[in-house]
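On a predicted model such as this, the values are computed, not experimentally measured, just so you know.
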Amino acid sequence: SADVLPQDSSRKQPVRNSKKRALIYLILFAFVYFVVCTIIAWTTVMPKNRVLRTDPKLEFGLSFEDVSWKSADGTKIRGWYIPPSNSTFHGVVVLCHGIDGNRTAHLSTANWLSRSGYATLLFDFRGRGESDRTNCTMGLRETEDLLGGIDFVSGKQELREQRICVLGH
């Protein structure tokens with residue numbers, strides 16, 4: 001009779017344990033990744049309103065008008081209209097800040113444009129600066145905020161025949 005040697009099960013055990021450990025690490029990594037992404041997304045969309053501590057007059061000596069309009073969903077949008085500071089008039093530039101910014105981000109650009117003969121409109125998107133405190137919608141409703149600003153400048157008597165440009169960050 002042939003001797004049957006028992007199988008060595010000690011070799012299979014470390015392989016199984018390392019596969020289990022790798023699976024646990026993968027699940028743990030996926031969970032941490034999900035939590036971090038959720039926190040980043042939430043902090044991006046939550047309102048970041050604040051009182052602005054400067055304006056075009058304080059910063060650059062520019063005359064300006066505090067303006068506001070309602071977005072399509074009723075959100076009040078606030079901004080500044082700055083007329084050109086010289087007699088040549090080339091058009092209107094609507095300046096749009098980045099996702100975590102506010103209208104003060106483009107004050108130096110507005111200064112340069114105003115001195116070059118352009119009227120400018122700087123405004124705070126919803127949930128930013130001094131506009132109504134609502135969540136950011138990552139562009140879904142902010143487009144309506146911008147369109148409201150374009151309607152605002154189009155409705156000003158002195159701007160009706162002027163070209164309108166939009167510059168964003």
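The backbone N or O of Arg103 sits less than 3.5 Å from a side-chain atom of Asp124, completing a donor-acceptor pair. Checked by atom type and distance alone, the side chain of Asp145 never pairs as donor or acceptor with a backbone atom of Ser71 at under 3.5 Å. A donor-acceptor distance shorter than 3.5 angstrom exists from the side chain of Lys48 to the backbone of Thr43, with no hydrogens or angles considered. Using a distance-only test at 3.5 Å, with no hydrogens or angles considered, no donor-acceptor pair links the side chain of Thr88 to the main chain of Gly117. Of the possible polar contacts, none joining the Ser114 side chain to the Ala110 backbone as a donor-acceptor pair under 3.5 Å is found. Between the Ser131 side chain and the Gly127 main chain, no donor and acceptor come within less than 3.5 Å of each other. Under the 3.5 Å distance criterion, the side-chain polar atoms of His106 are matched with a main-chain donor or acceptor of Cys96.
Leu167 has its side chain out of reach of Val94: every pair of non-hydrogen atoms, C-beta onward, lies at least 4.5 Å apart. Using a 4.5 Å cut-off on side-chain heavy atoms (C-beta onward), Pro84 and Tyr118 make no contact. For the pair Arg78 and Glu130, the minimum side-chain heavy-atom distance is below 4.5 Å. Phe89 has its side chain within reach of Leu159: a pair of non-hydrogen atoms, C-beta onward, lies under 4.5 Å apart. Counting heavy atoms from C-beta outward, Cys136 and Arg128 have side chains that approach closer than 4.5 Å. Side-chain contact check for Trp42 versus Asn135: some heavy-atom pair is nearer than 4.5 Å. Val92 places none of its side-chain heavy atoms less than 4.5 Å from the side chain of Thr120. Side-chain contact between Leu146 and Val166 is present, with at least one heavy-atom pair separated by less than 4.5 Å.
Neither side chain, Arg21 nor Asn17, offers a donor N or O lying under 3.5 Å from an acceptor on the other. Asp132 and Thr134 are not linked by any side-chain donor-acceptor pair at a separation below 3.5 angstrom, with hydrogens and angles left out of the test.
Within 6.0 Å of NZ in Lys76 there are 12 or fewer heavy atoms belonging to other residues, nucleotides or ligands. Crowding of His90 atom NE2: a count of heavy atoms from other residues, nucleotides or ligands under 6.0 Å exceeding 12. Residue Arg163 qualifies as open at atom CZ: its count of foreign heavy atoms under 6.0 Å is 12 or below.
Tyr33 and Ile24 fall into different hydrophobic clusters, where Ile, Leu, Val, Met, Phe, Trp and Tyr side chains are chained together by heavy-atom contacts under 4.5 Å. Transitive grouping of hydrophobic side chains (ILVMFWY, heavy atoms separated by less than 4.5 Å) brings Phe60 and Leu122 into a common cluster. Cluster membership check: Phe34 does not share its hydrophobic cluster with Leu26, using side-chain heavy-atom separations under 4.5 Å among Ile, Leu, Val, Met, Phe, Trp and Tyr. One hydrophobic cluster, built from ILVMFWY side chains closer than 4.5 Å, holds both Ile82 and Leu113. Residues Val93 and Ile164 fall into different hydrophobic clusters, defined by Ile, Leu, Val, Met, Phe, Trp and Tyr side chains chained together at heavy-atom separations under 4.5 Å.
Taking OH of Tyr81 as the start and OG of Ser63 as the end, the distance is 9.0 Å to the nearest 0.5 Å. Rounding to the nearest 0.5 Å gives a distance of 6.0 Å between CG of Leu107 and OG1 of Thr54. Going from atom CZ of Arg126 over to atom CD1 of Ile77 covers 5.5 Å, rounded to the nearest 0.5 Å. Interatomic distance, Thr75 OG1 to Trp69 CH2, rounded to the nearest 0.5 Å: 12.5 Å. From His97, atom NE2 reaches atom CD of Glu142 across 9.0 Å, with rounding to the nearest 0.5 Å.
Taking the six-membered ring for Trp, Phe123 and Phe125 have ring centres closer than 6.0 Å.
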* Asked: Given the rule in the side chain to side chain donor-acceptor pair (under 3.5 Å) test, do Trp80 and Asp55 qualify, once you have shown the distances and angles that lead to the verdict?
  -> CA-CA 8 Å; Trp80 296 318; Asp55 63 41; over 6 Å; no

* To do: Take Ser68 and Phe152, measure what side-chain contact (heavy atoms from CB on, under 4.5 Å) needs, and give me the verdict at the end.
  => CA-CA 9 Å; Ser68 65; Phe152 171 81; over 6 Å; no

* Please report the C-alpha distance between Asn111 and Glu59 in whole Å, then the side-chain angles of each, then the deciding distance to 0.1 Å, and finally whether the side-chain contact (heavy atoms from CB on, under 4.5 Å) criterion is met. => CA-CA 9 Å; Asn111 176 45; Glu59 200 74 25; over 6 Å; no

* Start with the C-alpha distance between Leu95 and His169, add both sets of side-chain angles, then the distance that settles side-chain contact (heavy atoms from CB on, under 4.5 Å), and finish with yes or no. => CA-CA 8 Å; Leu95 297 167; His169 177 183; over 6 Å; no

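For the pair Lys57 and Phe64, the cation-pi test (distance below 6.0 Å, angle within 45°) is failed.
Closest approach of Arg53 and Leu58 over heavy atoms only: O-CD1, 4.1 Å.
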